[in-house]
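Note on naming: letters A, B, ... go to the chains in the order of the sequence lines (proteins, then strands), and numbering restarts at 1 for each one.
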There are 2 protein chains.
Amino acid sequence: MRWEELDQQPCSLARTLAVVGDRWTLLVLRDCFLGIRRFDEFEKRLGITRHVLADRLKKLVDHGVLIRVPYQQRPLREEYRLTERGLDLHGVILALVSWGDRHMADERGAPVRHVHKGCGQVMRPLISCSECGEQVSARDIRVEPGEGWGDRVEEVLPQVR
Amino acid sequence: MRWEELDQQPCSLARTLAVVGDRWTLLVLRDCFLGIRRFDEFEKRLGITRHVLADRLKKLVDHGVLIRVPYQQRPLREEYRLTERGLDLHGVILALVSWGDRHMADERGAPVRHVHKGCGQVMRPLISCSECGEQVSARDIRVEPGEGWGDRVEEVLPQVR
DNA sequence: GCAGTGAGTTCCTTAAAAGAACCCATAACA
DNA sequence: TGTTATGGGTTCTTTTAAGGAACTCACTGC
């Protein structure tokens with residue numbers, strides 16, 4: 001399988017990875033959520049090569065995750081902002097950060113805190129069931145084929161422990 | 001920045017990406033959550049080269065995400081199972097799948113459904129605040145430096161919109 | 001008229017992934 | 001007794017991607 005075929009797969013994970021499944025892309029998005037918008041700021045903060053940065057920003061724009069917005073004319077300068085679609089990736093970033101906080105933090109603790117504006121508290125993200133509201137983890141969930149699965153009989157979902 | 005330095009950064013996202021920030025790794029993990037455990041099964045399902053698969057499995061074992069468990073002696077054969085640390089990555093997979101379901105699904109809908117064993121319903125994962133229980137999205141959260149931030153004054157968190 | 005800025009491109013070198021072939025212990029088959 | 005199959009890799013060569021540095025271009029401001 002090549003990466004170009006990835007978004008054709010009947011798998012939402014593969015399709016998402018076709019958009020953001022690249023380390024630089026996710027680091028760029030992290031900075032977007034921190035309010036970074038301009039080419040040279042990304043470059044300075046990430047230590048990414050301009051070449052790769054230009055490529056990743058372009059792909060994110062093509063996928064509707066970022067949008068270019070002019071912030072001055074003569075000479076035209078544009079910055080990159082998260083679209084609604086991009087903002088919706090916050091859950092992905094949060095999940096990654098949260099795992100890192102739990103399993104990769106050094107003795108000094110988590111590097112950044114997330115403050116919930118609503119209640120003013122430092123929060124951890126919890127994942128819960130949209131139907132009953134209860135908190136869920138891996139063992140609470142069973143996976144089964146949905147409508148978009150298609151009729152590839154041969155690719156049977158194995159038993160989930 | 002090289003990938004070897006990534007887990008040294010004072011950023012939980014970067015540190016998590018040092019472990020799982022690779023498309024193949026995440027696809028391998030997806031299959032782990034579907035119950036796949038053996039080398040040749042991963043190979044068949046993913047269409048990954050054996051070379052890369054061996055490398056990714058080894059890295060996941062080194063990072064304590066997977067563990068090798070013998071399932072027969074003579075000849076010794078081992079399978080790969082998620083550790084607790086690995087199971088805890090479920091939130092990451094769920095977040096990625098969920099975004100794909102919302103933004104990358106074709107007209108037929110989501111390829112797989114997640115059933116919450118607790119209530120028996122097909123669920124979507126919701127993210128909520130650990131302190132007040134309210135549902136949160138990108139705009140409800142403010143980021144600020146935490147204990148593990150260190151004293152790099154120059155790297156100021158920019159204003160978040 | 002010269003240096004600086006923002007946002008890239010181009011060119012060349014190094015690293016990683018794809019693809020195919022090979023290896024090794026054992027078992028099962030004929 | 002040799003022949004093929006299985007599981008889980010490793011080796012080798014080619015293609016693709018990333019790193020690093022220099023160049024471009026349309027301005028601005030000094």
Side-chain angles (χ1 to χ4, degrees), chain A residues 1-9 14 17-29 31-32 35-62 66-81 158, chain B residues 1-9 14 17-29 31-32 35-62 66-81 158:
Chain A
M1 192 203 336
R2 320 300 305 267
W3 292 120
E4 299 76 58
E5 308 164 35
L6 201 56
D7 57 352
Q8 314 298 356
Q9 289 219 174
L17 292 183
V19 179
V20 302
D22 167 281
R23 292 187 260 209
W24 281 127
T25 302
L26 283 162
L27 289 171
V28 166
L29 283 169
D31 275 9
C32 290
I36 303 300
R37 295 177 174 177
R38 300 191 185 170
F39 193 91
D40 63 326
E41 285 187 281
F42 287 112
E43 192 200 346
K44 280 193 208 87
R45 290 173 52 90
L46 295 173
I48 189 177
T49 60
R50 308 156 80 59
H51 193 284
V52 174
L53 177 58
D55 178 73
R56 296 304 187 276
L57 288 171
K58 183 171 182 315
K59 280 184 182 151
L60 287 171
V61 170
D62 289 349
L66 298 181
I67 188 169
R68 293 163 67 111
V69 179
Y71 66 89
Q72 70 170 41
Q73 311 290 337
R74 283 197 330 281
L76 178 65
R77 294 272 178 267
E78 292 173 303
E79 59 183 21
Y80 296 87
R81 295 200 199 172
Chain B
M1 192 204 333
R2 320 301 304 266
W3 291 119
E4 298 77 59
E5 308 163 36
L6 201 56
D7 56 352
Q8 313 298 355
Q9 289 218 180
L17 293 183
V19 181
V20 301
D22 167 280
R23 291 186 263 207
W24 282 126
T25 301
L26 284 162
L27 289 172
V28 167
L29 283 170
D31 275 9
C32 289
I36 304 300
R37 295 175 173 178
R38 301 193 185 167
F39 194 91
D40 64 325
E41 283 186 284
F42 287 113
E43 192 201 347
K44 281 194 208 86
R45 290 173 53 91
L46 295 172
I48 189 175
T49 61
R50 308 155 81 58
H51 193 286
V52 175
L53 177 58
D55 178 74
R56 294 306 185 276
L57 288 171
K58 184 173 183 313
K59 279 183 183 151
L60 287 171
V61 170
D62 290 349
L66 298 181
I67 188 170
R68 292 162 69 111
V69 179
Y71 66 88
Q72 70 170 43
Q73 312 291 336
R74 282 202 328 283
L76 178 64
R77 294 276 177 265
E78 293 173 303
E79 59 183 21
Y80 296 88
R81 294 201 200 172

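- For the pair H51(A) and R77(A), both in contact range of DNA chain C, the more 5′-proximal nearest nucleotide belongs to R77(A).
- dA16(C) atom P lies 13 Å from atom CH2 of W24(A), rounded to whole Å.
- V19(A) and T25(A) make their closest contact through O-CG2, 3.8 Å (heavy atoms, listed as atom of the first residue, atom of the second, distance).
- Rounding to whole angstrom units, CG of residue L53(B) and P of dG19(C) are separated by 14 Å.
- With sequence neighbours left out, R68(B) forms a side chain to side chain contact (heavy atoms under 4.5 Å, CB included) with V61(B), E78(B), Y80(B).
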- [ ] Using the side-chain contact (heavy atoms from CB on, under 4.5 Å) rule, take D22(B) and R56(B) through it: C-alpha gap first, then chi angles, then the decisive distance, then the call.
- [x] CA-CA 9 Å; D22(B) 167 280; R56(B) 294 306 185 276; 3.0 Å; yes

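- For the OP1/OP2 pair of dA17(C) and a distance below 4.0 Å, the side-chain nitrogens and oxygens of R56(B) include at least one atom meeting the criterion.
- To the nearest 0.5 angstrom, D31(B) atom CG is 10.0 Å from I48(B) atom CD1.
- The side chain to side chain contact (heavy atoms under 4.5 Å, CB included) check on R77(A) picks up Y71(A), Q72(A), P75(A), with sequence neighbours excluded.
- By the 4.5 Å heavy-atom criterion applied to side chains, I36(A) and R45(A) are counted as neighbours.
- Listed here is the closest heavy atom pair of V52(B) and W24(B): CG1-CD1, 3.7 Å.
- Counting atom types as modelled, R38(A) pairs no side-chain N or O with a base atom of dA7(C) as donor and acceptor under 3.5 Å.
- The phosphate of dG8(C) (OP1 or OP2) has a side-chain N or O of Y80(A) nearer than 4.0 angstrom.
- The CD1-P distance, from I48(B) to dA18(C), rounds to 7 Å in whole Å.
- Atom C1' of nucleotide dT5(C) and atom CZ of R50(A) are separated by 10 Å, given to the nearest angstrom.
- Protein atom CZ of R23(A) is 10 Å distant from nucleotide atom C1' of dA16(C), rounded to whole Å.
- For the OP1/OP2 pair of dG8(C) and a distance below 4.0 Å, the side-chain nitrogens and oxygens of R68(A) include at least one atom meeting the criterion.
- The shortest distance between the side-chain N/O atoms of R37(B) and the OP1/OP2 oxygens of dG8(D) is not below 4.0 Å.
- If you check every strand for non-hydrogen atoms under 4.0 Å, Y71(A) touches sugar and phosphate atoms only.
- Across dG9(D), dA17(C), dG7(D), the shortest atom-to-atom separation from the side chain of A54(B) is found for dG9(D).
- Comparing dG9(D), dG6(C), dG19(D) by their nearest atom to the side chain of T49(A) picks out dG19(D).
- Residue contacts for D55(A): at a heavy-atom cut-off of 4.0 Å it reaches no nucleic acid atom on any strand shown.
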Each nucleotide N or O in nucleotides 28-30 of chain D that has a protein N or O under 3.5 Å away: list the pair and distance.
| residue | atom | partner | partner atom | Å |
| --- | --- | --- | --- | --- |
| dT28(D) | OP1 | R74(A) | O | 3.2 |

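- Among the atoms of the strands shown, only primed sugar atoms or phosphate atoms (P, OP1, OP2) are found under 4.0 Å from some heavy atom of E78(A).
- As rounded to whole Å, 15 Å separates atom C1' of dA27(C) from atom CG of L76(B).
- In terms of the salt bridge (Lys or Arg N to Asp or Glu O under 4.0 Å) criterion, residue partners of E43(B) (sequence neighbours excluded) are, by chain and number, R50(B).
- For the pair D22(A) CG and dA17(C) P, the computed distance is 11 Å after rounding to whole Å.
- Atom C1' of nucleotide dC27(D) and atom CD of Q72(A) are separated by 9 Å, given to the nearest angstrom.
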